[in-house]
There are 2 protein chains.
Amino acid sequence: MPAPAETTVANLETTWTIREIADDFGVTHRTVRHYEDLGLIAPERRGTTRVYRRRDRTRLALILRGKRLGFPLEEIRTIIDLYDRPRGKASQLEYVLSQIDDRRADLEQRRRDLDDALLELDRFEERCRQDLERLR
Amino acid sequence: MPAPAETTVANLETTWTIREIADDFGVTHRTVRHYEDLGLIAPERRGTTRVYRRRDRTRLALILRGKRLGFPLEEIRTIIDLYDRPRGKASQLEYVLSQIDDRRADLEQRRRDLDDALLELDRFEERCRQDLERLR
DNA sequence: GTATTGCTTTACGTTTACGTCAACGTCAAG
DNA sequence: CTTGACGTTGACGTAAACGTAAAGCAATAC
């Protein structure tokens, strides 16, 4: 009988170098370090070398998705901070919940824009297809 | 009996100054001129003064929506060009249709990202509400 | 041992998307 | 007729998001 606990531990303790995660996510190491400069990720150090773990990968994925959505890095940082912020007291939780509402409003505006753009694209394609039909 | 044709013509011929459309869309006149420098809009001139018409407003709306979606201005220009490109011949229409597919793929990726982000936000809010509940 | 490879920091360069003067033309109001 | 109010064209400034080049340490490869 194998010991899944051990492999789980091994997975959790798997580490990556800066070049490795950069390659994995299709960015340059310079980009990763830039995110660190801005405080979006904070890898451990073994001596002077950066050591990246699973949680760093999760963060990087969050950052890159935020970028695909067109958010500036500073705003992405506030989002990450929001997710990471300690929320032991009720007042802190209330604040976090209000922030969540703000973010949701933003995302839903984007979704409206996106759906509009897709609808327009559909109509435009339809017109093009009809034009093409008429040429035959 | 009123003459709707006249009011239609009047509407179509309504013009605006740079400051007016800028204010209407919540941007500065500098921004509008910047878009003109990049070839995203091309207002008429009465002498040296820019004269904006309905189609310029439509374009500006397109540009600003593109920006809210996080597209760079150069990419927005290619999109506008796509919509405006002459497509008399079949080969041109074929090309436009292929471009449409590319754009749709892009937009749908964004929608996936957006839906993921909204789902995460929902789950996070749920956790926060439960934490808040436990404090009572 | 030295050469290569990969990590590090420091620092300046670049592109995008405008902001911010400066200097000038023009037209209606006082 | 001059004073605003708005228009125009440069030209330079700036913030964000990295790119790039210089120079150094550290471990493995030969």
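None of these values were measured; they are calculated from a predicted model. Letters A, B, ... are given to chains in the order of the sequence lines, protein chains preceding strands, and every chain is numbered from 1.
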Point to revise | Atom pair distance, as rounded to whole Å: CZ in A:Phe71 and P in D:dA16 | key: 17 Å

Check your understanding: If you draw the axis of the six-membered ring of B:Tyr83, does the NZ or CZ of B:Arg55 fall within 45° of it and under 6.0 Å from the ring centre?
Key -> no

Check your understanding: Which of residues 37-49 of chain B sit near DNA chain C, with a heavy atom under 4.0 Å from it?
Key -> none

Exercise for review: Go through the steps to decide whether B:Asp115 and B:Arg112 satisfy the test salt bridge (charged side-chain N to carboxylate O under 4.0 Å, His left out), and finish with yes or no.
Suggested key: CA-CA 5 Å; B:Asp115 287 344; B:Arg112 279 191 296 277; over 6 Å; no

Check your understanding: Is the backbone of B:Cys128 close enough, under 3.5 Å, to the side chain of A:Arg87 for a donor and an acceptor to pair up by distance?
Key -> no

Practice item. Show the numbers, then the answer: is there a salt bridge (charged side-chain N to carboxylate O under 4.0 Å, His left out) between B:Arg50 and B:Asp56? Key: CA-CA 11 Å; B:Arg50 293 170 175 83; B:Asp56 299 310; over 6 Å; no

Point to revise | Candidate pair A:Asp101 and A:Arg104, rule salt bridge (charged side-chain N to carboxylate O under 4.0 Å, His left out), full reasoning | key: CA-CA 5 Å; A:Asp101 282 348; A:Arg104 184 167 11 238; 3.7 Å; yes

Point to revise | Lys/Arg N to Asp/Glu carboxylate O, A:Glu126 vs A:Arg129, below 4.0 Å | key: no

Review point. Quick one: is D:dA17 close enough that its OP1 or OP2 comes under 4.0 Å of any side-chain N or O from A:Tyr35?
Key: no

Review point. Looking just at side-chain N and O atoms, do B:Arg127 and B:Gln130 make a donor-acceptor pair shorter than 3.5 Å?
Key: no

**Study point:** Toward the 5' end of DNA chain C, by each residue's nearest nucleotide, B:Pro72 or A:Val51
**Key:** A:Val51

**Study point:** For chain B, the stretch of DNA chain C it reaches, first to last nucleotide, under 4.0 Å of its heavy atoms
**Key:** C:dA17 to C:dT20

Practice item. Determine yes or no for a side-chain-to-main-chain donor-acceptor pair under 3.5 angstrom, with A:Glu75 supplying the side chain and A:Pro72 the backbone. Key: no

Check your understanding: Does the cation-pi check pass for A:Arg59 over A:Tyr52, that is, NZ or CZ under 6.0 Å from the six-membered ring centre and within 45° of its axis?
Key -> no

Practice item. Classify the side chain of A:Arg30 and the base of D:dT20 as holding, or not holding, a donor-acceptor pair under 3.5 Å. Key: yes

Check your understanding: Going by heavy atoms closer than 4.0 Å, what residues in residues 61-68 of chain A are next to DNA chain D?
Key -> A:Lys67

Practice item. Report yes or no: does A:Arg110 contribute a side-chain atom to a donor-acceptor pair with the main-chain N or O of B:Arg68 at less than 3.5 Å? Key: yes

Review point. Across the strands shown, which category fits B:Arg50 at heavy-atom distances under 4.0 angstrom: base, sugar-phosphate, nothing?
Key: sugar-phosphate

